[in-house]
Visitor: 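Provided herewith is a single structure, encoded as structure tokens, for subsequent inquiry.
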Amino acid sequence: MEIIEKTAADIKRLKIQGATNIAVSALTAITEQLKVLNPKTVQEALTLLYKMKEILFQSRPTEPAMRNGVKYILYNFQRNIREPDDISELISSLASQYIKMLKEAKTRIQLIGAKRIVDGMTVMTHCHSSIVSGIIIKAFQDGKKFDVVCTETRPLYQGHITARELTEKGVKTTLIVDSAMRWAIRQKEVDLILVGADAITSEGVVLNKIGTRLLALAAEEYNVPFYVATPCFKFSPETVIGNLEEIELRDPREVWDNPPENLIIDNPAFETVARKYIHGIITELGILPPAYLYGAVVEKYPFIFSD
Ligand code: RUB
């Protein structure tokens with residue numbers, strides 16, 4: 001399981017970060033690993049898939065886009081009743097289908113989201129979301145003139161990825177420390193906030209990088225529209241039956257590698273944003289009110305609810 005273990009380790013230490021990148025990398029790793037292991041029977045392939053699932057799911061707990069991708073493979077593979085000629089090839093094509101769905105969703109979200117950015121605006125974001133960066137870059141390439149504010153995102157500075165991606169494309173971008181979030185909304189006269197998502201619950205609650213709820217609260221104070229941009233594949237079906245989406249607690253050494261003895265350091269990766277703070281979720285199915293998302297997922301993606 002060398003390829004899977006390496007990918008899981010890269011996800012855990014954030015060499016691969018962001019829910020979409022994590023899902024794509026995990027499914028690519030499954031394909032590559034199966035090519036090496038080359039299972040000869042359906043049963044053998046299923047045993048390997050379950051083992052890979054276990055390793056990948058342990059890498060980062062708050063990642064339904066990855067979990068739903070593995071589910072997509074298992075759901076469709078188990079419904080393929082004929083013994084396939086080439087098992088690895090079949091699984092590889094299922095992984096590619098899910099990656100394609102993710103990429104098409106991303107393109108559609110960029111088109112929809114970019115329309116919400118108009119000339120003269122200041123747009124703010126937090127952390128690094130490939131979907132949000134995509135929306136901003138699309139609006140910029142459409143010729144819109146606007147400014148962006150992004151947070152640095154302690155402790156691992158994913159905001160630097162956002163800042164680099166945007167400045168490299170020519171977008172006028174200002175970086176702030178996380179605790180200047182509220183200050184920036186007021187002083188930079190922010191008009192629109194766009195954040196990504198790691199998970200969406202049955203109640204329309206969104207989980208995203210720690211600090212996102214604070215940003216939503218500050219947005220409410222200044223009446224700034226707060227939008228989440230995400231494909232529906234981040235829906236967490238476990239939340240329908242009462243389970244809470246787990247919030248990953250990371251290594252305290254990311255916060256301080258040489259702390260004084262007896263100091264307790266908490267390092268949560270994500271937090272929840274209640275739907276009352278979210279003006280809309282920009283998805284591949286359109287801009288949805290948070291409470292509507294569950295119904296849309298049931299209708300469009302039944303595989304998400306399979307065992
Ligand atoms: C990244 C993060 C991103 C979402 C969405 O956290 O919170 O907003 O994952 O990303 P981390 P995307 O850096 O801890 O993975 O829009 O690319 O799916």
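In what follows, every heavy atom counts, from backbone to side chain, and hydrogens, waters and symmetry copies are set aside. Read the numbers this way: they start at 1 and go in the same order the structure lists the ligands and their atoms.
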Visitor: Does a sphere of radius 6.0 Å around CZ in Phe57 hold more than 12 heavy atoms from other residues, nucleotides or ligands, not counting ones at 6.0 Å or beyond?
Guide: yes
Visitor: May I ask whether Asn21 has any heavy atom positioned less than 4.0 angstrom from an atom of ligand 1?
Guide: no
Visitor: Counting neighbours of CD on Glu203 that are heavy atoms of other residues, nucleotides or ligands and sit closer than 6.0 Å, is the number greater than 12?
Guide: no
Visitor: Check this for me - ligand 1, Cys127, N or O atoms closer than 3.5 angstrom, yes or no?
Guide: no
Visitor: Do Lys169 and Phe140 form a cation-pi contact, if we require the NZ or CZ to be under 6.0 Å from the six-membered ring centre and within 45 degrees of the ring's axis?
Guide: no
Visitor: Determine whether the side chain, the backbone, both or neither of Lys234 has a heavy atom under 4.0 Å from any heavy atom of ligand 1.
Guide: side chain
Visitor: Does ligand 1 have an atom under 4.0 Å from some heavy atom of Ala269?
Guide: no
Visitor: Name the closest protein heavy atom to atom 6 (O) of ligand 1, giving the residue it belongs to and the distance to 0.1 Å.
Guide: Lys209 CE, 3.4 Å
Visitor: Could you tell me if the ring centre of Tyr98 sits under 6.0 Å from that of Phe233?
Guide: yes
Visitor: Answer with side chain, backbone, both or neither: which part of Ala19 has a heavy atom less than 4.0 angstrom from an atom of ligand 1?
Guide: both
Visitor: Out of all atoms in ligand 1, which are within 4.0 Å of some heavy atom of Gln158? Include the element for each.
Guide: 11 (P), 13 (O), 14 (O)
Visitor: How far is atom 13 (O) of ligand 1 from its nearest protein heavy atom, and which residue and atom name does that atom have?
Guide: Gln17 NE2, 2.6 Å
Visitor: At what distance is the nearest protein heavy atom to atom 5 (C) of ligand 1, and which residue and atom is it?
Guide: Ala197 O, 3.3 Å
Visitor: Does ligand 1 have a heavy atom under 4.0 Å from the side chain of Thr230, from its backbone, from both, or from neither?
Guide: neither
Visitor: Please walk me through it: do Thr31 and Ile91 pass side chain to side chain contact (heavy atoms under 4.5 Å, CB included)?
Guide: CA-CA 7 Å; Thr31 297; Ile91 294 173; 5.6 Å; no
Visitor: Number the atoms of ligand 1 from 1 as they appear, then name those within less than 4.0 Å of a heavy atom of Asn208, with their elements.
Guide: 2 (C), 3 (C), 4 (C), 7 (O), 8 (O)
Visitor: Short N/O distance, under 3.5 Å, between Glu63 and ligand 1?
Guide: no
Visitor: Can you list the atoms of ligand 1 that are under 4.0 Å from a heavy atom of Leu14?
Guide: 13 (O), 14 (O)
Visitor: Can you tell me the protein heavy atom closest to atom 16 (O) of ligand 1 and the distance?
Guide: Ser129 OG, 2.6 Å
Visitor: Distance-only, no hydrogens or angles: does the Asn21 side chain make a donor-acceptor pair with backbone N or O of Gln17 under 3.5 Å?
Guide: yes
Visitor: Salt bridge check, Glu104 against Lys100: does any charged N sit closer than 4.0 Å to a carboxylate O?
Guide: yes
Visitor: Is it the case that the ring center of Tyr277 lies less than 6.0 angstrom away from the ring center of Phe226?
Guide: no
Visitor: Any idea which protein heavy atom is nearest atom 17 (O) of ligand 1, and the distance to it?
Guide: Ser130 OG, 2.6 Å
Visitor: Any N or O of Arg60 that comes nearer than 3.5 Å to an N or O of ligand 1?
Guide: yes
Visitor: Please report whether ligand 1 has a polar contact with Ile131, defined as an N or O pair separated by less than 3.5 Å (distance criterion only).
Guide: yes
Visitor: Would you verify whether the NZ or CZ of Arg79 falls within 45 degrees of the ring axis of Phe77 while also being under 6.0 Å from that six-membered ring's centre?
Guide: no
Visitor: Please determine whether any non-hydrogen atom of Glu248 lies less than 4.0 Å from an atom of ligand 1.
Guide: no
Visitor: Count the heavy atoms of every other residue, nucleotide or ligand shown that sit under 6.0 Å from CZ of Arg154, and state whether that count exceeds 12.
Guide: yes
Visitor: Under a 3.5 Å distance rule, please check whether Glu271 uses its side chain to pair with a backbone N or O of Gly211 as donor and acceptor.
Guide: yes
Visitor: Pairing donors with acceptors under 3.5 angstrom, does anything connect the side chains of Thr122 and Glu189?
Guide: no
Visitor: Please list the nearest protein heavy atom to atom 4 (C) of ligand 1 with its residue and the distance rounded to 0.1 Å.
Guide: Asp198 OD1, 3.2 Å
Visitor: For atom 18 (O) of ligand 1, which protein heavy atom lies nearest, and how many Å away is it?
Guide: Thr20 OG1, 2.5 Å
